[in-house]
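What follows is a single structure, written as structure tokens, with notes after it.
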Number of protein chains: 2
Amino acid sequence: MSKTVKSDERLFTIMEALKQREEAGVTELAKAVDLPKSSVHVHLSTLEKHDFVVKENGRYSLGLRFLDYGMIARNGRELYDIAKVKVDELSEKTDEQVWCITEENGKAIYLCGGSGEHAIQTDTYVGKQAELIDLAGGRAILANLPEPRRSEIIDGYEFGPESAFSDRETLIETLDTIRSDGIALNTEHYVKGVNAIGAPIIDNTGRVYGALSIAGPTHRLKGDFVENELSDLLLGTTNEIGVNLTYK
Amino acid sequence: MSKTVKSDERLFTIMEALKQREEAGVTELAKAVDLPKSSVHVHLSTLEKHDFVVKENGRYSLGLRFLDYGMIARNGRELYDIAKVKVDELSEKTDEQVWCITEENGKAIYLCGGSGEHAIQTDTYVGKQAELIDLAGGRAILANLPEPRRSEIIDGYEFGPESAFSDRETLIETLDTIRSDGIALNTEHYVKGVNAIGAPIIDNTGRVYGALSIAGPTHRLKGDFVENELSDLLLGTTNEIGVNLTYK
DNA sequence: AAAATTGTTCACTCACATCGAACGATTTAC
DNA sequence: GTAAATCGTTCGATGTGAGTGAACAATTTT
């Protein structure tokens, strides 16, 4: 790993601790990150000066300056621009939850989503980070990533009873199936009672931009309906997005 | 101003410079912020390690980690949660652009927006920061802010030919009118060809949460239609949100 | 093939981030 | 109603590590 700035690292640690609570005081944060109050205090003051945190009668919380940066980061992605309309269409047509994710530094990030009227509610939100391996869409991405890259990511995983896959071989087999099928069907559910399917978004050059997924209750997403009807709808949409990304 | 961490300040300067371009190299950024390449480089490495920037073949750009923080900051606001549905409804009903803004550190921040099919296109985006004084919604907020607070913000303004108001008195007069009217009608347009109206969102305790605004082309937003029909629609919505915020 | 950029690394040095103690201002306890 | 506890904030002493410019390697341009 290359050299980093310790002060920045501390800043990020404090930010992360603050993110995990709605709001917090200096003492509470100092305890959480195991640093002197005075240190935490100057960092918070610096953050506040630049609107990255807000102070309301002595309690700190995340500022909306992050929203500014976050939206610009998202709007800069061609994938987002092209996918958002299609995601809305697909969620309305299927009446289920539809998500568009992308890969960044080996992790999955939710770019945007849409929900039909009867769609399930989950704790997922735009901007959320997750492991590629845990999501239907993430597996679809992983399965289609070029080889030096894919192994780099997989090397970072720990297999075992905690993981969704017991060992590396099982994962590779699953990914191979997903690649040849063109779609990932989550039979082993990440969340209990929820099924999901995911398909990769790839342009004509083979570059993997991300994936789309449809999630719904197991009693609706099963059998022929998922394997044929829904899969075709999903693949049609990801295909369309892929083409638009090629000739943008 | 209280003490701050210089390293953090530098970090923010680099982030800001990066935000203003789609992507950039180390040398370009170093020139922009007037710092040695090596300094910019370690800060970027630190940012990259935490997913706040992404490096793609030597060029840096904002990472999606900001989206994570930004969405959590936004979702934590009760105003957003309650307003977003109403904003969508209102934009559909009026077929114009509708925005919900809030105030943070004396500045306006766009929380969410909706657009009718025939709505105008502007360079506004969710998360964008603007001066309260420049927006119809911002003036509606300013007009209803409690007194010690309002003056603090106004004290930060510079009046003159550059500003929308020539002097402090003119602004105060306008704000008084807005407060008694309950609505801000932008006759002097912030953007040429665009008219806007704004109304504050206030709960029963008098706390100002933000404002809603409707923007559209001058040829559609004029005369009786704006002053009666649209105004009533807007006030009805902000009223509703205010009540919901009281009994949440 | 040479020249001019690029991103990255390294070691020296003094600015400044860190820290614990002390300060007022609140809040809690009784 | 007072005392005790806890809060956020300030400050000066100290030694860590951020900043720096030069050198390096890897591109890209000429």
Side-chain angles (χ1 to χ4, degrees), chain A residues 1-63 76 104-105 146 148-149 152, chain B residues 1-63 76 104-105 146 148-149 152:
Chain A
M1 206 66 208
S2 61
K3 202 183 160 189
T4 58
V5 181
K6 279 248 169 68
S7 311
D8 294 352
E9 299 266 12
R10 291 195 163 196
L11 181 78
F12 295 154
T13 309
I14 295 167
M15 275 164 41
E16 184 62 33
L18 185 55
K19 194 183 83 163
Q20 280 161 7
R21 21 220 123 199
E22 285 277 309
E23 53 169 30
V26 179
T27 313
E28 182 185 346
L29 283 174
K31 229 170 259 169
V33 300
D34 196 35
L35 284 172
K37 280 196 296 180
S38 47
S39 283
V40 174
H41 186 261
V42 269
H43 281 289
L44 283 173
S45 297
T46 315
L47 282 164
E48 190 202 357
K49 182 183 167 192
H50 294 262
D51 298 330
F52 287 107
V53 311
V54 208
K55 183 170 55 176
E56 215 162 346
N57 38 39
R59 317 252 329 145
Y60 293 88
S61 57
L62 287 186
E104 196 163 291
N105 281 324
R149 183 105 189 78
E152 275 171 32
Chain B
M1 205 66 210
S2 61
K3 202 182 160 189
T4 58
V5 181
K6 279 249 169 66
S7 311
D8 294 352
E9 298 266 12
R10 292 195 164 197
L11 181 78
F12 295 154
T13 309
I14 294 167
M15 275 164 41
E16 184 62 32
L18 185 55
K19 193 183 85 161
Q20 280 161 7
R21 20 220 125 199
E22 284 277 308
E23 53 169 30
V26 179
T27 312
E28 182 185 346
L29 284 174
K31 228 169 260 169
V33 300
D34 196 33
L35 284 171
K37 279 195 298 180
S38 47
S39 283
V40 175
H41 186 260
V42 271
H43 281 289
L44 284 172
S45 297
T46 315
L47 282 164
E48 190 202 356
K49 182 183 168 192
H50 294 262
D51 297 329
F52 287 108
V53 309
V54 208
K55 183 170 55 176
E56 215 161 345
N57 39 38
R59 317 256 324 148
Y60 293 88
S61 57
L62 288 186
E104 196 164 292
N105 281 324
R149 182 106 189 78
E152 275 171 31

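Residue numbers begin at 1 in each chain, while the letters A, B, ... track the order of the sequences. Predicted model only: the values in this text are computed from it and were never measured.
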With the side chain counted from C-beta on, respond yes when A:Glu28 and A:Arg21 share a heavy-atom pair under 4.5 Å apart, and no when they do not. yes

Over all heavy atoms of both residues, which pair between A:Ala17 and A:Val33 is shortest? Give the atoms and the distance, please. CB-CG1, 3.7 Å

Scan side-chain atoms only and decide if B:His50 and A:Glu16 contain a donor-acceptor pair under the 3.5 Å cut-off. no

Taking CG from A:Leu44 and P from D:dG8, how many angstroms apart are they, rounded to a whole number? 10 Å

DNA chain C: stems of at least 3 consecutive Watson-Crick or G-U pairs, cut-off 3.5 Å? C:1-5 with D:26-30, C:7-23 with D:8-24, C:25-30 with D:1-6

Starting at OG1 of B:Thr27, measure out to NE2 of B:His41 and round the result to the nearest 0.5 Å. 10.0 Å

A correct 5'-to-3' footprint of nucleotides 13-30 of chain D, with B, S and - meaning base, sugar-phosphate only and no protein heavy atom under 4.0 Å, is -----SSBB---------

Interface with DNA chain D, restricted to residues 53-62 of chain B and to heavy atoms under 4.0 Å: none

Sequence neighbours excluded, which residues qualify as ring pair (Phe, Tyr, Trp, His ring centres under 6.0 Å) partners of B:Tyr60? none

For B:Arg149, which residues count as a salt bridge (charged side-chain N to carboxylate O under 4.0 Å, His left out) partner, sequence neighbours excluded? B:Glu103, B:Glu152

Distance in angstrom units between B:Glu28 CD and C:dG7 P, rounded: 9 Å

B:Val42 and A:Thr4, any side-chain heavy atoms less than 4.5 Å apart: no

Applying salt bridge (charged side-chain N to carboxylate O under 4.0 Å, His left out) to B:Lys55 and not counting sequence neighbours gives B:Glu48

Ion pair check, B:Glu22 and B:Arg59, cut-off under 4.0 Å: no

Does atom CD of A:Gln20 have more than 12 heavy-atom neighbours from other groups under 6.0 Å away? yes

Taking only N and O in the side chain of A:Thr27, is any of them less than 4.0 Å away from OP1 or OP2 of D:dG8? yes

Could you tell me how far apart A:Glu48 (CD) and D:dT9 (C1') are, to the nearest whole angstrom? 12 Å

Give a yes/no answer on whether the side chain of A:His41 brings an N or O atom under 4.0 Å of OP1 or OP2 in D:dG8. no

Sub-3.5 Å donor-acceptor pair from the side chain of B:Ser7 to the main-chain atoms of A:Ser7, do we have one? no

